[in-house]
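Take a look at the following structure, please.
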Amino acid sequence: MPNIAIISASIRNGRKSHRVALYFQKYLEENKLSTVEMLDLNEYKFPLFEERLNYLESPSSDVIDFAGKVRSADGIIIVTPEYNGGYPASLKNVIDLLTDEWSRKPVALAAVSNGNFGGSQVLTSLQFSLWKIRALMVPAMFRVPNVHETFDENGNPTNKQAFTKTTAGFISELFWCIEAKSRMKDYK
Ligand SMILES: Cc1cc2nc3c(=O)[nH]c(=O)nc-3n(C[C@H](O)[C@H](O)[C@H](O)COP(=O)(O)O)c2cc1C
């Protein structure tokens, strides 16, 4: 069974996108598809980036913990809000912090907004940054419009059927990339 890390990127007071992170956690665990590590950036509360982990003289235990969980994950789902067409500083903060941990890591993106377009603009810039740092970007992307209406605080969709098919497709593409990578493990 793969180990999936979910990075919940919003640290905003009253955030809503965390609902979608909880939804993926439940979906994966209840369907026994993977183990899940929830990497909630609101709990880590990392200080602003000063240098990459590789160059930090005495990284905090939280930084080491976060890096270890990214490294050991078979695949990652990033749940990000869209802020002014881009992704939040909290997320850039941890993308820049790590280096090798991202390399060839299957990463699937879920964008969340309270408008009608489901964070479609943030996906472009976020995909580019992660591609630059050599992550394996999963082509399928997940968009959640009107999050305040479509998910409750516990991560339950108000209309379960509305997301069933897209979730299955999104997760299966992530798992395809994890499987493809595992078959290449002896290839240098
Ligand atoms: C600074 C800021 C900028 C935002 N810009 C956008 C935007 O460009 N497009 C959009 O659809 N929603 C935008 N929103 C609304 C978010 O989509 C909304 O807050 C949503 O709940 C996801 O963010 P959250 O997890 O922080 O709640 C913005 C919200 C904030 C706080």
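Note: hydrogens, waters and symmetry copies are ignored here, and every other heavy atom, side chains too, is used. Every number for a ligand or one of its atoms is a count from 1 in the order of the listing. The first residue of the sequence shown is numbered 1, and numbering continues consecutively from there.
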In a table with atom names and distances, give each donor-acceptor pair under 3.5 Å that connects a side chain of residues 45-52 to protein atoms at least two apart or in another chain.
residue, atom, partner, partner atom, Å
K45, NZ, N42, O, 3.0
K45, NZ, N42, OD1, 3.1

Partners passing ring pair (Phe, Tyr, Trp, His ring centres under 6.0 Å) against Y187 (at least two apart in sequence or in another chain): none

Partners meeting side chain to side chain donor-acceptor pair (under 3.5 Å) with K16 (sequence neighbours left out): none

K26 versus N156, side-chain donor and acceptor atoms under 3.5 Å: yes

Neighbouring protein residues of ligand 1 - any heavy atom closer than 4.0 Å: S10, R12, R15, K16, S17, P81, E82, Y83, N84, G85, V112, S113, N114, V147

Lys/Arg-Asp/Glu bridge criterion (N-O < 4.0 Å) met for E179, R183: yes

Other residues, nucleotides, ligands: >12 heavy atoms within 6.0 Å of R12 CZ: yes

